Amino acid sequence: MTRLPDPTTRPRGLVDQFGRVARDLRVSVTDRCNLRCTYCMPADGLPWLPKDEMLTDEELLRLIGIFVRDGITQVRLTGGEPLLRRSLVDLVSGIAALDPRPRIAMTTNGVGLERVATRLAAAGLDRVNVSLDTIDAETFTILTRRNRLDDVEAGLRAAAEAGLTPVKVNAVAMRGVNDEAVSDVLAWCLERGYELRFIEQMPLDAQHAWDRDDMISADEIRERLSERWTLTPLPTADRGSAPAERFLIDGGPATVGIIASVSAPFCAACDRTRLTADGQVRNCLFSQTETDLRGPLRDGASDDELLGLVRGEMWRKKPGHGIDDPDFVQPDRPMSAIGG
Ligand code: SAM
Ligand code: SF4
């Protein structure tokens, strides 16, 4: 294991051996979910974390505080489905009260967002990404195994009304399920002023059923969209560490993003790190290892000791996810238990 010098004597920042610096912390606030998207979870769900293994709000806030004092500027709440955490509004208020205050974002399936969007915005939530892969009710039910499209649409409207703008929509395309209708999703988002981003399906499903040959690639999505609109790539310099390649639609100002996580990985510019609902730091979605913070935290570790553990985990971050390597092994934790 790589040993690091005393964290108090190292310069500030969550750096790795390749010079990348983490700025974006994804916090999974629960591993539970009320949908069962086929590319993420099995139909029967998963063995959920027992309550005593989950971080309390107080523990989460203490750990997030350690991250933000070491250079994290954006905290994204995710899961599982973050809206299932009862204390979510209080958690957002707690994060907004940290010094320095990070930007606060959330990735959600949108079910239940309607009733809480205003309170989340008032508590300090800055932005929201709602996952929506299809606007066809039947396909939605096949894909998520739940008949909740109306709830998601209501959640999106509520997010816009609450000022959580620009409202972003994330979509995963699956062959033979919703790939033929990617243009319909974009047209629907354009009409409503939502910013759509397509994401290539990654090998992070609990069932380990991902098959590269079946994946709808970024190029394929672009080709399909180009049948209906003229897509002009925005300069890559405007992209920074953002994973989406963005295109102006018919000259703009509307844009669409396409995230080629598998076919054109952006690992060299990655600025992310992750904290799971049970208190493990993961330096990459595809990491085979993680560092436990919950145990040391509950055993009385100081902030500096916890920071040392976080920095050690970040230092060990690999240069890339290696999905194309012949010896690639999918991580044990599925996306829903890591925090997407
Ligand atoms: N439940 C929330 C939601 O669906 O937005 C938050 C958690 S979910 C794991 C976060 C994001 O990961 C969603 O946009 C979802 O579409 C995406 N996702 C899940 N499994 C994926 C996979 N195998 N490949 C690519 N994206 C995936
Ligand atoms: Fe739930 Fe999100 Fe996974 Fe779908 S992608 S099953 S909404 S955690």
Side-chain angles (χ1 to χ4, degrees), residues 24 26-46 48-49 76-85 88 105-113 127-134 139-149 151-152 155-156 159 164 167-175 177-179 182 185 189 194-212 214-218 221 243-244 257-263 265-266 272 274-277 282 285-286 321 323 330-331 333-340:
D24 180 349
R26 315 235 146 177
V27 181
S28 173
V29 296
T30 177
D31 59 333
R32 291 167 193 248
C33 192
N34 41 12
L35 300 185
R36 296 285 182 274
C37 304
T38 51
Y39 51 74
C40 183
M41 270 204 203
D44 294 336
L46 291 162
W48 310 128
L49 284 170
R76 176 172 294 276
L77 302 173
T78 178
E81 177 42 48
L83 294 173
L84 293 185
R85 187 161 179 131
L88 190 67
M106 175 175 69
T107 303
T108 170
N109 63 31
V111 174
L113 184 56
R127 288 194 298 161
V128 72
N129 288 55
V130 176
S131 305
L132 178 63
D133 309 314
T134 174
T139 311
F140 184 94
T141 306
I142 292 169
L143 215 153
T144 67
R145 303 190 181 98
R146 298 288 186 273
N147 180 8
R148 307 297 296 266
L149 178 59
D151 294 297
V152 181
L156 277 161
L164 296 168
V167 173
K168 296 197 176 175
V169 172
N170 293 356
V172 175
M174 293 184 80
R175 196 172 302 285
V177 183
N178 63 338
D179 57 321
V182 290
V185 182
C189 287
Y194 306 147
E195 263 186 51
L196 179 63
R197 309 173 333 149
F198 289 98
I199 308 171
E200 282 179 345
Q201 191 189 341
M202 296 179 277
L204 287 168
D205 55 314
Q207 313 86 296
H208 291 224
W210 182 85
D211 177 353
R212 190 183 180 124
D214 240 9
M215 184 191 82
I216 304 289
S217 68
I221 289 172
I258 306 182
I259 306 185
S261 335
V262 178
S263 62
F266 40 87
R272 297 178 180 182
R274 293 181 153 80
L275 178 63
T276 65
R282 294 179 64 89
L285 267 178
F286 295 94
H321 57 44
I323 293 176
Q330 182 174 334
R333 272 189 197 259
M335 184 72 132
S336 60
I338 298 172

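The figures that follow rest on heavy atoms only: side chains count, while hydrogens, waters and symmetry mates do not. Because the structure is predicted, anything quoted here is derived from the model rather than measured. Read the numbers this way: they start at 1 and go in the same order the structure lists the ligands and their atoms.
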Enquirer: Under a 3.5 Å distance rule, please check whether His321 uses its side chain to pair with a backbone N or O of Ser261 as donor and acceptor.
Expert: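 Yes, His321 side chain to Ser261 backbone: donor-acceptor pair under 3.5 Å.
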Enquirer: Heavy atom to atom 23 (N) of ligand 1, shortest distance: which of Glu81, Lys168, Met174, Met202 holds it?
Expert: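 Residue with the shortest heavy-atom distance to the ligand atom: Met202.
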Enquirer: Side chain or backbone, does Gln201 bring an N or O within less than 3.5 Å of an N or O on ligand 1?
Expert: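 N/O-N/O distance under 3.5 Å: no.
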Enquirer: Does Thr38 reach the side chain of Arg145, with side-chain heavy atoms less than 4.5 Å apart?
Expert: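 In short, these two side chains touch, coming nearer than 4.5 Å.
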Enquirer: Any N or O of Asp205 that comes nearer than 3.5 Å to an N or O of ligand 1?
Expert: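 Among all N and O atoms of Asp205, none is under 3.5 Å from an N or O of ligand 1.
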Enquirer: Compute whether any side-chain donor of one residue and acceptor of the other, for Arg148 and Asn109, lie under 3.5 angstrom apart.
Expert: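 Arg148 vs Asn109: no donor-acceptor pair found between side chains.
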Enquirer: Below 3.5 Å, N or O to N or O, backbone or side chain included: is there any such pair between Ser336 and ligand 1?
Expert: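 Min N/O separation from ligand 1 is not below 3.5 Å for Ser336.
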Enquirer: For ligand 1, which part of Thr108 has a heavy atom less than 4.0 Å away: the side chain, the backbone, both, or neither?
Expert: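 For Thr108, only backbone atoms sit under 4.0 Å from ligand 1.
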Enquirer: Tell me whether Arg212 is salt-bridged to Asp214, with the criterion being a basic N under 4.0 Å from an acidic carboxylate O.
Expert: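 No, no charged N to carboxylate O under 4.0 Å.
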Enquirer: I want to confirm something. Looking only at heavy atoms, which of Asn34, Asn109, Asp31 is nearest to atom 7 (S) of ligand 2?
Expert: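 That would be Asn109.
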Enquirer: Can you tell me the protein heavy atom closest to atom 11 (C) of ligand 1 and the distance?
Expert: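 For atom 11 (C) of ligand 1, the nearest protein heavy atom is Thr107 CG2, 4.2 Å.
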Enquirer: Is the shortest side-chain heavy-atom distance between Ser336 and Cys33 below 4.5 Å?
Expert: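 Not in contact.
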Enquirer: Just by modelled atom types, is the Leu49 backbone N or O under 3.5 Å from a matching donor or acceptor in the Asp31 side chain?
Expert: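 Pair found, side chain donor or acceptor close to backbone of Leu49.
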Enquirer: Gly79 heavy atoms, cut-off 4.0 Å: which ligand 1 atoms fall inside?
Expert: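 So the answer, numbered in order with elements, is 7 (C), 9 (C).
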Enquirer: Assess, by modelled atom type and distance only, whether the side chains of Ser217 and Glu200 contain a donor and an acceptor separated by less than 3.5 Å.
Expert: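 Looking only at side-chain atoms, Glu200 and Ser217 do not form any donor-acceptor pair under 3.5 Å.
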Enquirer: I want to confirm something. Looking only at heavy atoms, which of Ala209, Ser131, Gly80 is nearest to atom 6 (C) of ligand 1?
Expert: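 Minimum heavy-atom distance to atom 6 (C) of ligand 1 goes to Gly80.
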Enquirer: Between Cys40 and atom 3 (Fe) of ligand 2, is there a contact where an N/O/S atom of the residue lies under 2.8 Å from the metal?
Expert: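 So Cys40 does bind atom 3 (Fe) of ligand 2 by this criterion.
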Enquirer: Please list the nearest protein heavy atom to atom 1 (Fe) of ligand 2 with its residue and the distance rounded to 0.1 Å.
Expert: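 The closest heavy atom on the protein side is Cys33 SG, 2.3 Å.
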Enquirer: Going by atom types only, do Asn34 and Glu81 share a side-chain donor-acceptor pair under 3.5 Å?
Expert: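 Note: Asn34 and Glu81 side chains miss the donor-acceptor criterion.
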Enquirer: Please work out, at 4.0 Å between heavy atoms, whether the side chain, the backbone, both, or neither of Cys37 comes within that distance of ligand 2.
Expert: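 Near ligand 2, Cys37 shows its backbone as well as its side chain.
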Enquirer: With a 4.5 Å limit on heavy-atom distance, are the side chains of Cys189 and Glu195 in contact?
Expert: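 Of all side-chain heavy-atom pairs linking Glu195 with Cys189, none is under 4.5 Å.
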Enquirer: Among all protein non-hydrogen atoms, which one is nearest to atom 20 (N) of ligand 1, and what is the separation to 0.1 Å?
Expert: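 Protein heavy atom with the smallest distance to atom 20 (N) of ligand 1: Tyr39 CD1, 3.4 Å.
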Enquirer: State the atoms of ligand 1, each with its element, that fall below the 4.0 Å cut-off from a heavy-atom position in Asn170.
Expert: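 Counting from 1, the qualifying ligand atoms are 14 (O).
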Enquirer: Are more than 12 heavy atoms, taken from residues, nucleotides or ligands other than Asp211, located less than 6.0 Å from that residue's CG atom?
Expert: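 Counting other residues, nucleotides and ligands, CG of Asp211 exceeds 12 neighbours.
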Enquirer: In ligand 1, which numbered atoms sit nearer than 4.0 Å to a non-hydrogen atom of Thr78?
Expert: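 Contacts of ligand 1 toward Thr78, numbered from 1: 6 (C), 7 (C).
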Enquirer: Quick one: which of Met335, Met106, Gln330 has a heavy atom closest to atom 17 (C) of ligand 1?
Expert: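 Considering heavy atoms of Met335, Met106, Gln330, the nearest to atom 17 (C) of ligand 1 sits in Met335.
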Enquirer: Decide whether Asn178 and Asp133 meet the rule of one side-chain donor and one side-chain acceptor closer than 3.5 Å.
Expert: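 Per modelled atom types, Asn178 and Asp133 side chains form no pair under 3.5 Å.
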Enquirer: Identify, by atom number and element, the atoms of ligand 1 in contact range of Val172, meaning under 4.0 Å from any of its heavy atoms.
Expert: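 Counting atoms of ligand 1 from 1, those under 4.0 Å from Val172 are 16 (O), 26 (N).
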